[in-house]
Amino acid sequence: MKKALLTFILIFAFGFLAMAQEAVGMLEELSFDSNSEKALWEAGQQNPYLLFRAVQAEKAPSDEKWNELLAELDKKFSRKGTHLTVLRQVFEKSHQQLFKTYEQHSTFNDMLEQGKFDCVSGSAALALLLDRYKFEYKVVETDYHVFIVVNYEGKDIILESTLQIGGMITAPSEVASYLEGYKADDSVKLKSLNQRLGAPKIDLSDNAIFRKVNLTQLAGLQYYNDAISLFNDQSFQRASLQLHKALKLYNSERIDGLKELADKQANLLASSK
């Protein structure tokens, strides 16, 4: 009996040690732009808010604006709880205090410091708030856009971060029409790997992607967006490093495909010198 117990303890200990070594190894093989990014990345594994702050961490402002918003919304929540009124306040106050100017490829830090936002950083802020106030929701990734669907009392409500007016869609017919516009066709392939996730859909042609992502995966898409800017500026090596981090957060075909392309371009550029 004692021998069996000892064996079990040893197996458990070795298993735990192996997992710890694997986690350390994963961190060591990543290349961070600064110690600030590394610290935020590590802390962000338990707190997604910090993970969103990791991209371009050297620009990280204070938490003052975020904390002011939380303090105001906390008062609403303490009175109403998980109520439609609070949901509307989450959307409206986010626009009033955070979402000032839409600009494609604006990071979470840009949003906190300058009020610049896009669908990734805007949806990230809304999702963090919905988590805090216990709403049932999902973040939806499409070909070139991200938005949120809240399930409230059995009905879907769209939160479109890039639209201050009309961006909270509650009418069932309008919700259905909005979702239909992004419906994916399994036979369709993503048309471009190096086009950022940005504004609401204009092109009504077929879609390749419509899937739920969690906060960690959404943080991966923020790294992906950052990598696209570097790729389009022909900084292929740096783009590849960002995509490596993106893949650790979200192992998706679009991120993997762009990383493969960035690696090829980096090698071609190096061989031509």
Side-chain angles (χ1 to χ4, degrees), residues 40 43-54 61-100 102 106-109 111-113 115 117-142 145-179 182 200 210-222 249-250:
L40 286 166
Q45 305 306 310
Q46 301 299 321
N47 182 352
Y49 169 76
L50 298 176
L51 199 52
F52 288 111
R53 300 292 303 272
S62 74
D63 297 308
E64 182 179 356
K65 191 175 291 186
W66 181 254
N67 290 334
E68 287 176 356
L69 177 60
L70 293 184
E72 187 170 354
L73 291 174
D74 282 354
K75 291 178 182 178
K76 304 285 185 184
F77 180 71
S78 67
R79 294 197 297 268
K80 290 284 189 177
T82 307
H83 189 273
L84 185 62
T85 302
V86 174
L87 180 61
R88 194 172 296 278
Q89 286 292 303
V90 164
F91 186 78
E92 292 178 353
K93 294 297 181 183
S94 294
H95 274 278
Q96 291 170 12
Q97 299 184 31
L98 298 180
F99 309 161
K100 301 294 186 180
Y102 173 81
S106 297
T107 66
F108 200 90
N109 288 329
M111 179 185 66
L112 291 182
E113 184 173 28
F117 73 103
D118 64 10
C119 70
V120 175
S121 53
S123 293
L126 290 173
L128 288 167
L129 294 171
L130 293 173
D131 254 3
R132 183 177 182 88
Y133 303 121
K134 301 176 174 46
F135 284 96
E136 182 184 344
Y137 73 95
K138 60 184 177 183
V139 180
V140 179
E141 171 198 7
T142 70
H145 189 50
V146 175
F147 60 89
I148 291 177
V149 182
V150 179
N151 185 277
Y152 182 75
E153 295 185 344
K155 295 180 180 179
D156 286 340
I157 296 173
I158 304 293
L159 296 187
E160 171 52 74
S161 65
T162 63
L163 295 176
Q164 180 175 6
I165 299 175
M168 181 172 170
I169 305 170
T170 58
S173 60
E174 293 178 16
V175 169
S177 178
Y178 182 95
L179 294 175
Y182 289 98
F210 186 98
R211 67 170 71 99
K212 176 183 175 181
V213 292
N214 60 34
L215 285 172
T216 299
Q217 291 167 330
L218 186 59
L221 290 176
Q222 185 178 229
L249 300 173
Y250 182 19

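Hydrogens, waters and symmetry mates play no part in the numbers below; they use all other heavy atoms, side chains included.
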Closest non-hydrogen atom pair, Ser161 against Gly122: CB-C, 3.8 Å
Approximate separation, where rounding is to 0.5 Å, of Gln89 CD and Glu72 CD: 7.0 Å
Step-by-step side-chain contact (heavy atoms from CB on, under 4.5 Å) determination, Glu141 to Val139: CA-CA 7 Å; Glu141 171 198 7; Val139 180; over 6 Å; no
CA sep, side-chain torsions, deciding dist, call: Thr170, Arg88, side-chain contact (heavy atoms from CB on, under 4.5 Å): CA-CA 11 Å; Thr170 58; Arg88 194 172 296 278; 4.3 Å; yes
Approximate separation, where rounding is to 0.5 Å, of Phe210 CZ and Thr142 OG1: 8.0 Å
Partners meeting side-chain hydrogen bond (donor to acceptor under 3.5 Å, both in side chains) with Glu136 (sequence neighbours left out): none
Side chain to side chain, Thr107 and Ser121, heavy atoms closer than 4.5 Å: no
Verdict with supporting geometry, Phe135 and Val86, side-chain contact (heavy atoms from CB on, under 4.5 Å): CA-CA 10 Å; Phe135 284 96; Val86 174; 4.1 Å; yes
Close side-chain approach of Leu129 to Leu70, heavy-atom, < 4.5 Å: yes
Note, Leu73 side chain near Val90 side chain (heavy atom, < 4.5 Å): yes
All pairs passing salt bridge (charged side-chain N to carboxylate O under 4.0 Å, His left out) where residues 75-86 contributes a residue, at least two apart: none
Any side-chain heavy-atom pair of Leu218 and Leu249 under 4.5 Å: no
Side chains of Ile158 and Val149 in contact at under 4.5 Å (non-hydrogen atoms): yes
Results of side chain to side chain contact (heavy atoms under 4.5 Å, CB included) for Gln96 - residues two or more places apart only: Glu92, Lys93
For Ser177, side chain to side chain contact (heavy atoms under 4.5 Å, CB included) partners two or more places apart: none
Ile157 side, atom CD1; Ile148 side, atom CD1 - distance, nearest 0.5 Å: 12.0 Å
Set of side-chain hydrogen bond (donor to acceptor under 3.5 Å, both in side chains) partners for Ser123, sequence neighbours left out: none
Nearest-0.5 Å distance, CD of residue Gln46 to CG of residue Leu51: 11.0 Å
Leu159 side chain reached by Leu130 side chain, heavy atoms, under 4.5 Å: yes
Aromatic ring pairing His145/Tyr182, orientation class (parallel under 30°, perpendicular over 60°, tilted between): parallel
Lys65 NZ: over 12 foreign heavy atoms closer than 6.0 Å: yes
Rounded distance [0.5 Å steps], CG in Leu112 versus CG in Leu98: 6.5 Å
Salt bridge (charged side-chain N to carboxylate O under 4.0 Å, His left out) contacts in which one or both residues fall within residues 119-134, not counting sequence neighbours: Asp74-Arg132
Residues in side chain to side chain contact (heavy atoms under 4.5 Å, CB included) contact with Glu153, at least two apart in sequence or another chain: none
All ring-ring contact (aromatic ring centres under 6.0 Å, His included) counterparts of Tyr137, not counting sequence neighbours: none
Residues forming a salt bridge (charged side-chain N to carboxylate O under 4.0 Å, His left out) with Asp63, sequence neighbours excluded: Arg53
Under the salt bridge (charged side-chain N to carboxylate O under 4.0 Å, His left out) test, residues paired with Glu174 that sit two or more places apart: none
Heavy-atom side-chain proximity of Ile169 to Leu163 below 4.5 angstrom: no
Under the ring-ring contact (aromatic ring centres under 6.0 Å, His included) test, residues paired with Tyr133 that sit two or more places apart: Phe77
Qualifying ring pair (Phe, Tyr, Trp, His ring centres under 6.0 Å) pairs with a residue from residues 79-99, counting only residues at least two apart or across chains: Phe91-His95, His95-Phe99, Phe99-Phe117
OH on Tyr49 to CH2 on Trp66, rounded to 0.5 Å: 6.5 Å
Side chains of Val146 and Gln222 in contact at under 4.5 Å (non-hydrogen atoms): no
